[in-house]
Amino acid sequence: MLKNQYEQEYETISYHTPDGKMRKMTVYRGEYYTLHFDQGKKRNSAACNLLAALLALAILIGAGMPNQDSSHTVWIVLPYLCLFLPVGYWLIGAVFFCMAPLRMERPAYEGSLLRILHSCRGILILTGGNVALDLVYLALYHGTIHVGRELCYLACLAVLFLWVVLYGRWYDRTYQGISIEKP
């Protein structure tokens with residue numbers, strides 16, 4: 001059976017209303033993650049997160065457009081398709097961050113900013129693996145394939161890698177001052 005990983009951070013309090021009815025209220029007792037800027041800057045950073053994720057998705061889709069010869073090979077296509085998972089999670093994290101308050105509970109923080117961070121790390125690892133596999137394919141079949149298309153695919157992956165690195169530097173500067181409030 002699945003267990004709620006955040007259940008220990010919440011407490012249920014029972015109380016009586018003035019008319020004598022018994023009510024239950026759930027109160028958060030865990031850590032709060034507070035952003036160091038105002039609502040306007042948060043809105044701007046949320047828009048930047050969303051646009052960065054959408055651009056990464058566009059670059060990834062563009063990488064699949066050249067119809068290179070390696071795209072008909074399972075050990076090249078599967079790692080490429082696996083890249084859509086962290087990009088999708090990045091997009092989900094960016095959407096959740098748009099809805100998150102400035103003072104986030106742990107579930108909101110992990111569902112937004114931490115998800116974005118882990119997704120970017122996953123994209124970097126998978127992109128590096130994709131480049132390595134495509135270079136092996138290029139070395140094995142360089143005489144019988146369209147090298148220009150393969151290089152176009154590699155260039156798109158390099159642009160994706162560079163984009164995530166640049167975004168990561170922006171992410172680190174923007175969210176470096178998150179303060180954690182203990183209960």
Side-chain angles (χ1 to χ4, degrees), residues 2-7 9 28 30-37 39-66 68 70-71 74-136 152-181:
L2 295 176
K3 184 178 178 179
N4 185 354
Q5 62 180 340
Y6 305 113
E7 74 179 338
E9 296 185 16
Y28 182 70
E31 298 175 334
Y32 282 96
Y33 297 84
T34 306
L35 297 173
H36 59 88
F37 39 77
Q39 193 65 33
K41 188 170 179 187
K42 189 235 177 228
R43 196 176 314 115
N44 290 342
S45 68
C48 289
N49 286 333
L50 199 56
L51 289 174
L54 289 172
L55 184 60
L57 182 63
I59 294 169
L60 185 58
I61 290 171
M65 291 294 155
Q68 71 277 12
S70 65
S71 68
V74 159
W75 54 278
I76 300 292
V77 171
L78 286 179
Y80 167 74
L81 292 176
C82 287
L83 263 170
F84 281 95
L85 290 172
V87 171
Y89 282 129
W90 183 4
L91 197 55
I92 291 169
V95 169
F96 281 1
F97 182 69
C98 290
M99 298 179 290
L102 287 172
R103 187 172 184 244
M104 294 179 274
E105 298 173 356
R106 195 179 105 186
Y109 173 72
E110 288 182 0
S112 60
L113 289 177
L114 206 57
R115 177 178 285 170
I116 291 172
L117 179 66
H118 292 316
S119 297
C120 288
R121 287 178 182 161
I123 291 169
L124 291 176
I125 291 167
L126 288 173
T127 302
N130 273 295
V131 167
L133 288 173
D134 202 54
L135 287 174
V136 168
C152 183
Y153 174 69
L154 283 173
C156 287
L157 290 179
V159 167
L160 178 63
F161 190 87
L162 181 64
W163 174 245
V164 174
V165 167
L166 290 174
Y167 172 79
R169 293 184 68 183
W170 175 85
Y171 179 96
D172 288 342
R173 275 182 306 178
T174 305
Y175 303 114
Q176 71 182 351
I178 294 179
S179 59
I180 301 173
E181 298 175 21

Nearest 0.5 Å, please: how far is [atom2] in [Y] from [atom1] in [X]?
| X | Y | atom1 | atom2 | answer |
| --- | --- | --- | --- | --- |
| S70 | D134 | OG | CG | 4.0 Å |
| H36 | K41 | NE2 | NZ | 5.5 Å |
| L83 | I125 | CG | CD1 | 11.0 Å |
| T127 | L157 | OG1 | CG | 6.0 Å |
| M104 | S112 | CE | OG | 4.5 Å |
| L81 | I76 | CG | CD1 | 11.5 Å |

Residue pair L50, L91: steps toward the side-chain contact (heavy atoms from CB on, under 4.5 Å) verdict: CA-CA 7 Å; L50 199 56; L91 197 55; 4.0 Å; yes
With sequence neighbours excluded, tell me which residues meet side-chain hydrogen bond (donor to acceptor under 3.5 Å, both in side chains) with [X].
| X | value |
| --- | --- |
| R103 | E181 |
| S119 | none |
| R106 | E9, E110 |

Test side-chain contact (heavy atoms from CB on, under 4.5 Å) applied to R115 and F97, step by step: CA-CA 10 Å; R115 177 178 285 170; F97 182 69; over 6 Å; no
Run I123 and Y89 through side-chain contact (heavy atoms from CB on, under 4.5 Å) and show every step you take. CA-CA 10 Å; I123 291 169; Y89 282 129; over 6 Å; no
Could you tell me which residues satisfy side chain to side chain contact (heavy atoms under 4.5 Å, CB included) with L117, sequence neighbours excluded, listed by chain and number?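 Listed in chain order: L114, R121, Y171.
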Heavy-atom closest contact ([X] atom, [Y] atom, distance):
| X | Y | answer |
| --- | --- | --- |
| P79 | L133 | CG-CD1, 3.6 Å |
| G62 | P66 | O-CD, 3.4 Å |
| S71 | V77 | O-CG2, 2.8 Å |

I180/T34 under side-chain contact (heavy atoms from CB on, under 4.5 Å): CA gap, chis, key distance, verdict: CA-CA 6 Å; I180 301 173; T34 306; over 6 Å; no
Restricting to pairs with a member in residues 161-170, which pass side-chain hydrogen bond (donor to acceptor under 3.5 Å, both in side chains), not counting sequence neighbours?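 For residues 161-170, and leaving out neighbouring residues, the side-chain hydrogen bond (donor to acceptor under 3.5 Å, both in side chains) pairs sorted by first residue read N49-Y167, W170-T174.
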Under the rule for ring-ring contact (aromatic ring centres under 6.0 Å, His included), what residues qualify as partners of Y33, not counting sequence neighbours?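 ring-ring contact (aromatic ring centres under 6.0 Å, His included) check on Y33 returns Y109.
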Do Y175 and S45 have side-chain N/O donor and acceptor atoms under 3.5 Å apart?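 Side chains of Y175 and S45: pair found under 3.5 Å.
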What I'd like to find out is whether the side chain of F96 reaches to under 4.5 Å of the side chain of L113, using heavy atoms alone.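 Result no, sub-4.5 Å side-chain heavy-atom pair not found.
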I need the single residue from V164, L60, L126, L124 that forms a side-chain contact (heavy atoms from CB on, under 4.5 Å) with P86. Which is it?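 In the set V164, L60, L126, L124, the residue that makes a side-chain contact (heavy atoms from CB on, under 4.5 Å) with P86 is L126.
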